[in-house]
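Every chain is numbered from 1, with letters handed out A, B, ... down the list of sequences.
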There are 2 protein chains.
Amino acid sequence: MYGIGIMSGTSLDGIDTVLVKITGYSTETQLEVIAYNEYPLHKELVSKIKKACSLEHSHSDLICSLNFELGYSFCDAVKALLQKANFPLEKIDYIASHGQTIFHIPENKESLYRSTLQIGEAAILAYQFQTTVISNFRVMDMAAGGQGAPLVPYSEYILYSQSHKNRILQNIGGIGNLTFLNGSLNIDDIFAFDTGPGNMMINEACQILYNLPFDDHGQIAKQGKVISVLLDELMNHPYMQKLPPKSTGREDFGEFFVKDILSRYSQHEKADIITTFTMFTAKSIAFHYQRDILTKYPLDDVIIGGGGSHNDTLMQFIKDELYPIPVYTQDEIGYSSDAKEAIAFAILGNETLNHHYSNVKSSTGANRYVILGQITPKPF
Amino acid sequence: MYGIGIMSGTSLDGIDTVLVKITGYSTETQLEVIAYNEYPLHKELVSKIKKACSLEHSHSDLICSLNFELGYSFCDAVKALLQKANFPLEKIDYIASHGQTIFHIPENKESLYRSTLQIGEAAILAYQFQTTVISNFRVMDMAAGGQGAPLVPYSEYILYSQSHKNRILQNIGGIGNLTFLNGSLNIDDIFAFDTGPGNMMINEACQILYNLPFDDHGQIAKQGKVISVLLDELMNHPYMQKLPPKSTGREDFGEFFVKDILSRYSQHEKADIITTFTMFTAKSIAFHYQRDILTKYPLDDVIIGGGGSHNDTLMQFIKDELYPIPVYTQDEIGYSSDAKEAIAFAILGNETLNHHYSNVKSSTGANRYVILGQITPKPF
């Protein structure tokens, strides 16, 4: 089968699309990536999405309209992908679309039910391309008592599991998160959790101190020195003490947290702050490996993906911390790091069409393995 | 097959559920209604739905949460139905759920795309009852260029078409809508559109003026007199001038519209307001018959369904307006009027599972016949 995966992430930097050739399913899956494309989200659309996500500015009319508008944008993204790949539309068997997350409530709180909302109308895609579309992957896991996230571990299990090899896939986006793939190949032995900040604190500090969006290839961090009192303080953050499963986000390591540190450490060199934050990301990763994994399992290798894998200083820090465990970037060993999530949903869509589950209970906390997603049939 | 249909209408008077035995599909459909139940929507839920529909009070968190909360309410409604019918869950082959309409934008306007939004998470139903669920019926028709409404005509065509008999099925729910079934039995000769408000304005005014959810059997309307200046104003509403196909909703005739009238006509008797709103529903129906149907076709009979068919004053007003055309209630001629829309979605769900279209192009304005709905697979 030929399938397309579409991912539009919370970072709002574009619509990731991937065209794959896929045969079999579950552990028999054979996957070949034919083409990848990142389609830009234009400015007005980004501002509508931000409005739809915000508590003050979102309204039913905007969410209703944006669900369809995003459906059309996803169509444009798929057209661009097919054009880039010079691939005929008629050969596409399905499209799997994650959608744009508008809201996510992992636990009941006050009058709100645990729930999640992704939009980007699947019917628009199905009609435009006369194909089957699978969408809304997170809701069934939540119906089964899970948090609806993370869903990527299933695709990592399919793509990266190797017999007799214990492997960590470490993603470094805004937040750092890992998936542990056990060499037993038993899906119940997989687990995943957030290790703490990924690029979030580094980026925030680069913005404030240097007016730069991020530390390109870790050039700033390379010049500074670690402020050990600050590093100690960071390593004593309550999130470090918590045991997995656990997740974190902007509420713990975002703007507020960083600004407080910058004001208290303002007598220090700017580069030293960036170096310390970079070391914190590396050490918080290594800390979790040592406490939560190496005490139970030997580890054969670590594969690093996400934007952080392009930060050479961060990569060096991680390698030093984990030595002698081999550390690779995802690009070094195969599938493009940027295409990762779009590939994940192409895989999940294929599982659904084959009536096979694709949540990882130990990652999401679900009570059962369940078939994810909703199928919009080829309309005529 | 045994199927369940669920309808939660804009009138917000309850969740209609029906259990049917269904064999065949399209014009070969054989349908038997085994049980019907109306499950009450509790007060807090009604107020949350109204909040989610309103432009001022809706927010992304509420819509996210309410989608799941309604999913659980639909489960409760199905449980009550199965209990009433003393029917075993395991024998259910599918559930078809319309969902609760939160917003409907029939045409592009300003920055808003034509779109529709129904909520009530299908995954919750599918997980709870371990069955296939079909939902979100309106979106594909809109993707195909239609207005996504009305969808009931297809089921009326299946259930009520008679050779050589021109017939109108008039539904009076929150909104009034008609289906014209041509004695030719050709689906292309069917048309349907919304005639304007059904009970929506009457109910809203009963709530505000009498603290009553509706005008029971039209007893209040029976006592009042028509305020002719108000009736004239209403009959000049822009929706009356528009030609079909067309559809309307709470955004035209809901709370905001009614409150404005009540404030401007506060010197009038309360009962006179209710009588005038009731007459407006009757006259808006008759107006459309005269302008859009009787000018082209003779009419053999009119069958009235929906909650409005229990409003004796409204029924009398309609009979007077349409005399000498015979007017029946749906209950008088067969299938329960209250169950009508729930039955309709049970039929539409069956068509989808049989890979058959179920929109009526001439009713919705769609460019093509398309398979409606999204299928949530039996999860395990």
Please check if atom [atom1] in [X] has more than 12 non-hydrogen atoms from other residues, nucleotides or ligands closer than 6.0 Å.
X       : atom1 : result
A/Lys51 : NZ    : no
B/Glu28 : CD    : no
A/Gln83 : CD    : no
B/His42 : NE2   : yes
A/Glu56 : CD    : yes

Restricting to non-hydrogen atoms, name the atom on [X] and the atom on [Y] that form the minimum distance, rounded to 0.1 Å.
X        : Y        : value
B/Ala123 : A/Ala143 : O-CB, 3.7 Å
A/Ile375 : B/Pro377 : CD1-CG, 3.9 Å
A/Tyr113 : B/Ser65  : N-OG, 2.8 Å
A/Ile105 : B/Asp61  : CD1-O, 3.9 Å
B/Val370 : A/Tyr127 : CG1-CE1, 3.9 Å

What residue, out of [options], has the most heavy-atom pairs lying under 4.5 Å from chain A?
options                               : answer
B/Ile102, B/Asn67, B/Thr116, B/Ile124 : B/Thr116
B/Arg114, B/Lys378, B/Arg368          : B/Arg368
B/Leu66, B/Leu62, B/Leu117, B/Ile134  : B/Leu117

### Message
Once rounded to the nearest 0.5 Å, what's the spacing between atom CD of B/Gln374 and atom CG of A/Asn136?
### Response
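These two atoms lie 7.5 Å from each other.
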
Does any backbone or side-chain atom of [X] lie under 4.5 Å from a heavy atom of chain B? Answer side chain, backbone, both or neither.
X        : result
A/Tyr369 : backbone
A/Glu44  : neither
A/Ala144 : both

With heavy-atom distances below 4.5 Å as the criterion, would you say the side chains of [X] and [Y] are in contact?
X        : Y        : value
B/Met140 : A/Glu121 : no
A/Ile371 : B/Phe380 : no
A/Phe103 : B/Ile63  : no

### Task
Please determine which of B/Ser60, B/Ser54, B/Ser58 meets the side chain to side chain contact (heavy atoms under 4.5 Å, CB included) test together with A/His59.
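The side chain to side chain contact (heavy atoms under 4.5 Å, CB included) with A/His59 is passed solely by B/Ser58 among B/Ser60, B/Ser54, B/Ser58.
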
